[in-house]
Amino acid sequence: RQQGSLIAVTHNPEILAAADRALVEGTVTLFATLTGGGLISTNPAKATVFEVDDAHAVKVALFYADEADPRARVRVGKLAPDFASTYVQMEGKPEVHEVSGALRFQVERDATAWRDKTVLAFDPATVTGVTLKGAASTATVSRDQGGWSWAGATHPKGAVAADKLERLVK
């Protein structure tokens, strides 16, 4: 978070971009609702087997508002043999747990995958006119209580395809 907004940092630390809110919130919810299948190991030497070691784990840090240090650090390891659960370890603890869900697929993403890809954001209900200008012609339509209509005179090719305009502004 930075100034109340979700921020995703890319590989270039000079570029800060808005995060994909749905992806981030879904991931946070996933971690907040983890359910375990049980303790799998307390042997630190087996960390590599479950891929919760430094070389293999995806390290997730969970922060609370206005706190510089994370409240939790979770090492996400490999999928369990059932492909429906994942091995995890709280950083600094020897216990490896099996938890429900394929967490690895949720968190193992390139930094750019966490960015919001929205180019334009507006409320489609507020659009009252559209002008489409091509190399050879220009078409303008407007919306009022009765729906979409050609601005000015009736278009020689017929009525406005309202369903296509609705898709355009959404």
Side-chain angles (χ1 to χ4, degrees), residues 1-37 40 47-93 95-135 139 141 143 148 161-170:
R1 285 193 177 268
Q2 184 177 44
Q3 299 175 357
S5 299
L6 293 169
I7 301 294
V9 180
T10 63
H11 294 300
N12 180 347
E14 294 177 12
I15 298 174
L16 294 179
D20 181 325
R21 184 170 295 279
L23 180 60
V24 173
E25 288 177 357
T27 302
V28 170
T29 299
L30 186 66
F31 277 90
T33 59
L34 284 179
T35 56
I40 299 300
T48 303
V49 172
F50 302 110
E51 295 186 7
V52 293
D53 60 313
D54 283 334
H56 298 94
V58 176
K59 297 168 190 144
V60 177
L62 300 166
F63 293 85
Y64 280 34
D66 301 322
E67 292 184 7
D69 295 324
R71 286 274 181 111
R73 292 182 187 268
V74 182
R75 292 170 173 254
V76 178
K78 71 179 182 178
L79 283 172
D82 66 359
F83 296 105
S85 53
T86 306
Y87 299 119
V88 298
Q89 180 183 52
M90 297 300 294
E91 194 162 294
K93 305 219 179 218
E95 298 90 5
V96 175
H97 298 270
E98 183 178 333
V99 297
S100 297
L103 299 181
R104 189 81 178 218
F105 295 115
Q106 183 70 20
V107 297
E108 191 170 40
R109 300 171 189 256
D110 182 79
T112 56
W114 293 94
R115 293 180 63 186
D116 183 355
K117 315 254 184 332
T118 303
V119 176
L120 292 174
F122 57 89
D123 179 1
T126 63
V127 175
T128 59
V130 177
T131 298
L132 305 167
K133 185 171 183 166
V141 293
R143 177 169 47 187
W148 291 100
D163 60 326
K164 291 181 181 174
L165 279 171
E166 290 296 331
R167 284 196 309 265
L168 175 69
V169 298
K170 285 186 180 177

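Since the model is a prediction, treat every value here as computed from it, not as a measurement.
A donor-acceptor contact closer than 3.5 angstrom is absent between the side chains of Asp123 and Thr126.
With respect to the salt-bridge test (charged N to carboxylate O, under 4.0 angstrom), the residues Asp53 and Arg75 do not qualify.
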query = What's the verdict on side chain to side chain contact (heavy atoms under 4.5 Å, CB included) for Arg143 and Val130, showing C-alpha distance, side-chain angles and the deciding distance?
reply = CA-CA 9 Å; Arg143 177 169 47 187; Val130 177; over 6 Å; no
task = Verify side chain to side chain contact (heavy atoms under 4.5 Å, CB included) between Arg21 and Asp116, making sure each step is shown before the conclusion.
result = CA-CA 7 Å; Arg21 184 170 295 279; Asp116 183 355; over 6 Å; no
message = Apply side chain to side chain contact (heavy atoms under 4.5 Å, CB included) to residues Val99 and Phe31 and explain how you reach the verdict.
response = CA-CA 10 Å; Val99 297; Phe31 277 90; over 6 Å; no
ask   = For Val96 and Val88, what are the C-alpha separation, side-chain angles and deciding distance, and is it a side chain to side chain contact (heavy atoms under 4.5 Å, CB included)?
value = CA-CA 6 Å; Val96 175; Val88 298; over 6 Å; no
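The two residues His56 and Thr48 come nearest to each other via the heavy atoms CE1-CG2, 4.2 Å. Here the shortest heavy-atom pairing between Val141 and Trp148 reads CG2-CE3, 3.8 Å. The two residues Gly26 and Gln106 come nearest to each other via the heavy atoms C-NE2, 4.3 Å. The two residues Ser85 and Glu98 come nearest to each other via the heavy atoms OG-OE2, 2.7 Å. Taking both residues in full, the closest heavy atoms of Tyr64 and Arg71 are given as CE2-NH1, 2.9 Å, listed atom of the first, atom of the second, then distance. The minimum heavy-atom distance linking Lys78 with Glu51 is given by the pair CB-OE1, 3.4 Å.
Under the 4.5 Å side-chain criterion, counting only non-hydrogen atoms from C-beta, Phe105 is in contact with Leu79. Residues Arg109 and Trp114 are in side-chain contact: their nearest non-hydrogen atoms beyond the backbone lie under 4.5 Å apart. Using a 4.5 Å cut-off on side-chain heavy atoms (C-beta onward), Ser100 and Thr35 make contact.
The distance from the CG atom of Asp20 to the OG1 atom of Thr27 is 9.0 Å, given to the nearest 0.5 Å. How far CG of Asp110 is from CZ of Arg115: 10.5 Å, rounded to the nearest 0.5 Å. Atom NZ of Lys59 sits about 10.0 Å away from atom CZ of Arg73, to the nearest 0.5 Å.
Using a distance-only test at 3.5 Å, with no hydrogens or angles considered, no donor-acceptor pair links the side chain of Lys133 to the main chain of Thr131. Within the 3.5 Å criterion, the main-chain N or O of Leu103 finds a donor-acceptor partner in the side chain of Thr86.
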